[in-house]
Amino acid sequence: MSACVPTRTSDSPHTERVHPPHSPPRAPHRRFRVAGADVSASIAVFLIALPLSLGIALATGAPLQAGLVAAAVGGLVAGRLGGSPLQVSGPAAGLTVVTADLIHRYGWRTTCAITVLAGLVQLGLGCLRVARSALAVSPAIVHGMLAGIGVTIAVAQMHIVLGGSPQSAVLDNLRSLPAQLADLHPAAVAVSALTLILLLLWPRLPGRTGRLLRRVPAALVAVTGATATAVFAGLTQPRVELPSWSSHALAGLPEGPVLGLVAAVLTVTLVCSVQSLLGAVAVDKLIAARPGLTAQVSRSDLDRELLGQGATNVVSGALGGLPVAGVAVRSAANVQAGAVSRNSTMLHGVLVVVAALLMVPVLELIPLASLAALVMAVGIQMVSLHHIRTVTRHREVPVYAITTLGVVFLGVLEGVTLGIAVAVAVSMHRLARTRITHDEKEGVHHVHVRGQLTFLAVPRLSRALHHVPHGSCVVVELDGSFMDHAAYETLQDWQRTHTAQGGSVELTGRRAATGTDADTGTSPGSGSGSEGVVPASSTVQTVAPVDGTADSPLAGCRCRPWTPWRNHQCDAPPPAAPHGGSAAEDRAGPPTDPSGAEPDGRTGAVLPQVAESAVASGPARSAVASARTEPTGRVEQVEQADTTDTTGPGERTESIGATSAAAATGSGPSGRQLVRGISAFQRNTAPLVRGELARLAREGQQPSQLFLTCADSRLVTSMITSSGPGDLFVVRNVGNLVPPPGEESGDDSVAAAIEYAVDVLKVRSITVCGHSGCGAMQALFDAEPGGVQTPLKRWLRHGLPSLERMADPGRPWARLAGRAAADAVEQLCLTNVVEQLDHLRAYASVSRALRAGELELHGMYFHVGEAQAYLLSEAGDGRGEVFDHVGVADLSA
């Protein structure tokens, strides 16, 4: 019985649950419930957000209450409307310099109006669904912008730490810093130093007690400790002053030059949007690193996140709050504290509101020097050594440095504009820069082309090729991803001339087209003597007229590299029987062409007989001869034909699939197809992957994933996961089943593969992949109790828990996003994936790795007919597991 067959749609005793007749469907009973993990996470985020919000408000020169307003609105509005459930929004350090400049130029009420207008622009951009366009900004520009803002914050807050007052410009702060150092205020310095010491040492407390204490945020400990010390020591210094809420300033009509206001709105929009969207992507990565959380929290919807941030800025600005953006520190704390839904973000906003109303006397005890030290530390951390190493590795230091200096000395918008200009210039330079070298090793000339091969490099390419002696062996290494038409024609013309003069050419580094052209369906060399650009690591070959010319039975056949595993059949008519032979004679044996050719058993095309004069007398000829005399059924060794040149200039020919054509005479159709496929691999694919496979052979396999799927022949794991050699450790069986561990007479092969993958190979994820039209699930669904226990029935007993899970009325059914299961068998396929994931968690090695955070599990469903993949996620609304559609747009996130 086939492992997987098309799904049957006939009636089945297992039907979907229906409502009683003549009654409307019962609405699900929805009750607001908050998980305990969300409550604890909201408290942790609140304890971080409270001092940081006050510190950022202090750094911008805004009313301190504005920081609390922005934190509360960010938690409530962005938490409810945003597209990233676990991202926490509020006043961000990245907006400090922008906001401080706006307050200095236009005043506080106009700054609030600019925040409202920026929020409206964000709403418009969200409606236009351009959120992903923000991710096109080079990371070097973003990191440079944050570094410049961090430097500006640190320099400004240094004055408050020393007991003075900062200036509005960075250069002014740098000039006045020596005078400030000469006039220190001991109380402010002492409080600031204590704050910095607690910030530095608290995360490094050792031992079990330290692990417990580190659950309290370091920022809260630092500010609380400095405040308590200042109060008990009776230090006299400026403290937090929160005016009455009745005198709180709200947004007013914007006043100032129109162009300046427009630039200000665009600046706030740019910084808020980019920081929030990049933060949402970073939160997705943090969620993916937490085992089990991926199934409960959906991926970020960036367009919805942009809409949520826009609405938040409109509300925050209207209520007299600071501009709001996603904050990395709070978001990371939210995920690490165990939050499982957006309720934690919203609860943190509620706690900020409560603190702003009821904790004013306590907040007014905080010294300003302590808050300044906290914000200065945040600014210093924004200059990340990790980011500097990353941009250095990717050769983007000029972009990073120019952006940073531009933000520090000119402003955020000017610095980002300079960074974009430098990034574009660097990209154009890389595109136009091509290095071409020529050297000789052991009589073989190597022409190495590094970079993109465009018309700009044609003169240098021609000069390098001109230095190659006539009749020599040449290897042209193309180390780039693009070749334009001018470069292609130059290389092709030289190649044709060089081979006509007795030389040989080998192209490596990229796969060039031969035979059938991808655009025209004709052979580049047909009819003109041109061989075209040959595949990598293959010698130039002259093909017989069976390559698609007008006289060939294969004319018009447009085979592609993927067609062999598709069982592609060229629709060419079978050749007529020679000498008036009958159809019976055709079936009885292969017809013989007067030229000695024999038919291709798969396509009906005529393959050229291997001409003995075309193959040197040696290993290749011996291989062909032995293949012809091998008895049917024996496995033949497939070799590449020896290409020793024994012909004169212009007479070089090669057999096409010499060994496979010869071996086909001694085996059946399946054997011919196997040999032909292996021969095609040896000729076309092996030269391309030989280097990578050699590396894997030396280093051993180091896969990152265990992929457990069905044995169905239609599931090509490397294709649907875009993976290559060494990426996946694949286990295939009938029905993608995972027998529960410890079961009597269980299957140890699957258990052994799981143990080996987790404990020895240290894979980071395990994916269970089901698919549509699964014959195993159909057989399981239709199986009758009793009867003869065949091996298939004994194996399918491991799928019985999936049947029971689907029949359990207390369990919500797994479903596909956007539609219900097509029938009961598809429902069983989905349920089976969920059930096998539960079986996986019961394995000791898997459970241990999950607890250590070293492994994550994924459920996947592949619809064969639609060529559509779905990944298992958790709806979070109590309605069960959902397989979410994976689209092309998701790949850029």
Side-chain angles (χ1 to χ4, degrees), residues 52-74 90-122 149 152-153 155-157 159-160 164-173 176 238 240-273 309-310 312-325 356 368 371-372 375 407-415:
L52 281 177
S53 300
L54 292 172
I56 291 172
L58 173 68
T60 60
L64 296 184
Q65 287 172 322
L68 300 178
V69 171
V73 173
L95 294 163
T96 303
V97 177
V98 177
T99 310
D101 183 61
L102 294 180
I103 294 173
H104 176 72
R105 289 187 183 185
Y106 303 110
W108 172 241
R109 292 171 64 87
T110 298
T111 300
C112 292
I114 291 173
T115 303
V116 173
L117 294 175
L120 293 175
V121 174
Q122 286 181 298
I149 292 172
T152 305
I153 292 173
V155 172
Q157 298 308 300
H159 286 272
I160 302 178
S165 299
Q167 305 295 321
S168 59
V170 179
L171 289 177
D172 294 337
N173 285 324
S176 59
V240 169
E241 293 183 6
L242 293 176
S244 170
W245 286 104
S246 60
S247 61
H248 179 65
L250 303 179
L253 293 176
E255 298 178 358
V258 176
L259 291 179
L261 293 175
V262 170
V265 170
L266 293 179
T267 303
V268 174
T269 302
L270 173 67
V271 177
C272 289
S273 302
Q309 294 293 334
T312 304
N313 276 313
V314 170
V315 176
S316 178
L319 296 179
L322 292 169
V324 174
L368 294 182
L371 291 179
V375 177
V407 170
V408 170
F409 295 108
L410 299 177
V412 175
L413 184 60
E414 293 85 351

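Everything numeric here is computed off the predicted structure, so don't read it as measured data.
- Atom-to-atom distance recorded for His104:NE2 and Thr111:OG1 is 11.5 Å, nearest 0.5 angstrom.
- Ser316 and Val324 make their closest contact through OG-CG2, 3.8 Å (heavy atoms, listed as atom of the first residue, atom of the second, distance).
- Contact of the Ser176 side chain with the His159 side chain is registered, since non-hydrogen atoms from C-beta on lie closer than 4.5 Å.
- Considering every non-hydrogen atom in both Val268 and Pro323, the closest pair reads CG1-CB, 4.2 Å.
- For the pair Leu261 and Thr110, the minimum side-chain heavy-atom distance is below 4.5 Å.
- Contact between Trp108 and Ala62 at its shortest, heavy atoms only, is CZ3-CB, 3.6 Å.
- Using a 4.5 Å heavy-atom cutoff, the side chains of Leu322 and Val69 are not in contact.
- A side chain to side chain contact (heavy atoms under 4.5 Å, CB included) with Ile153 is found for exactly one of Ile56, Thr60, Val375, namely Val375.
- For the atom pair CG (Leu54) and CD (Gln65), the distance works out to 10.0 Å, reported to the nearest 0.5 Å.
- Residue Glu414 qualifies as enclosed at atom CD: its count of foreign heavy atoms under 6.0 Å is above 12.
- Annotation: side chain of Val155 is not in contact with side chain of Val408 (no heavy-atom distance under 4.5 Å).
- Test Asn313, Val121, Ile114 against Thr269 for side chain to side chain contact (heavy atoms under 4.5 Å, CB included) and you get one pass: Val121.
- Contact between Gly67 and Pro91 at its shortest, heavy atoms only, is O-CG, 3.7 Å.
- Side-chain contact between Tyr106 and Pro257: present, with at least one pair of heavy atoms (C-beta onward) separated by less than 4.5 Å.
- From Cys112, atom SG reaches atom CD1 of Ile103 across 8.0 Å, with rounding to the nearest 0.5 Å.
- For Leu58 against Ala372, the heavy-atom pair with the smallest separation is CD2-N, 4.2 Å.
- Residues Gln122 and Cys272 share a closest heavy-atom pair of NE2-CB, 3.7 Å.
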